[in-house]
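Here the structure comes first, spelled out in structure tokens, and everything after it is commentary.
In each ligand, atom 1 is the first atom listed, and ligand 1 is the first ligand listed.
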Amino acid sequence: MVAVYPGSFDPVTNGHVDIVERSARIFDRVIVAVGQHPSKSGFFPALERVRLLSESLAHLPNIECTSFTGLVVRFCREQGASVIVRGIRAISDFEAEFQMGQANRQLAPGVETVFLFPEPNEQFISSSLIKEIASHGGAFEQYVPDPVAVAMKARYAEQD
Ligand code: COA
């Protein structure tokens, strides 16, 4: 069974990696796909996010990293995927996920959304939080895979 794990991944965090590792144990193939959230402006360009995902997930054999435009359900159809994986960190994620899950179900009844919980100590992490800590020179490395830490430091060094 093929699953798509869509997200902004700007950048990928240890919490995302945890969800991908869980998905990789459940599904034959997992496509981790960088999509466009309508109200988010990018920190890393999509191509760079895909590169950082590929490097951070290189230890998993049944994973593919790519990007897509347009509707996630259309991308699922193109890829022959019947499952969308999403992570839920806290009850505050539920409302938006419920809305998106219902919309995707209406758009493509054959595609199921499956929710997974990350490790408790990863549950407060978000990409924005990490960018905020990093932008103020705080220690953020423990929340992200090594390739992301390197890329973020380089990015902030450019801005100084
Ligand atoms: N660990 C750490 N952080 C996590 C996480 C986890 N396990 N799961 C979610 N998050 C965080 C992300 O870092 C992100 O943080 P941010 O807001 O600071 O960037 C936030 O939770 C949620 O983002 P994400 O999971 O990346 O999804 P999103 O809400 O940005 O949605 C798409 C992105 C691409 C999935 C969505 O916009 C999409 O499907 N777009 C295509 C159009 C479409 O089909 N829309 C749906 C039908 S209406």
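F140 has its ring centre no less than 6.0 Å from the ring centre of Y156.
The existence of a salt bridge linking D93 and R86 is excluded, since no basic side-chain nitrogen approaches an acidic carboxylate oxygen closer than 4.0 Å. One finds no salt bridge joining R25 and E21 here, because no Lys/Arg side-chain nitrogen approaches an Asp/Glu carboxylate oxygen to under 4.0 Å.
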Per-pair distances, 0.1 Å, donor-acceptor, side chain in residues 61-70, under 3.5 Å, sequence neighbours excluded:
from	atom 1	to	atom 2	distance (Å)
N62	ND2	A24	O	2.9
N62	ND2	F27	O	3.1
N62	ND2	D28	O	3.3
E64	OE1	R29	NH1	2.5

Contact table, ligand 1 N/O with protein N/O, distance under 3.5 Å:
from	atom 1	to	atom 2	distance (Å)
ligand 1	1 (N)	H16	N	3.3
ligand 1	3 (N)	I125	O	3.2
ligand 1	7 (N)	G15	O	3.1
ligand 1	13 (O)	S127	N	3.0
ligand 1	13 (O)	S127	OG	2.8
ligand 1	17 (O)	K40	NZ	2.9
ligand 1	18 (O)	S128	N	2.8
ligand 1	18 (O)	S128	OG	2.3
ligand 1	19 (O)	K40	NZ	3.1
ligand 1	21 (O)	R89	NH2	3.0
ligand 1	23 (O)	K40	NZ	3.4
ligand 1	25 (O)	R86	NH1	3.2
ligand 1	25 (O)	R86	NH2	3.3
ligand 1	26 (O)	S8	N	2.7
ligand 1	27 (O)	R86	NH1	3.3
ligand 1	27 (O)	R86	NH2	3.0
ligand 1	30 (O)	S8	OG	2.7
ligand 1	30 (O)	K40	NZ	2.7
ligand 1	40 (N)	Q36	O	3.4
ligand 1	44 (O)	V72	N	2.9

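A donor-acceptor pair shorter than 3.5 Å cannot be found between the side chains of H16 and E122.
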Show your working on ring pair (Phe, Tyr, Trp, His ring centres under 6.0 Å) between F124 and Y143 and close with a plain yes or no. CA-CA 10 Å; F124 70 96; Y143 308 124; 5.6 Å; yes

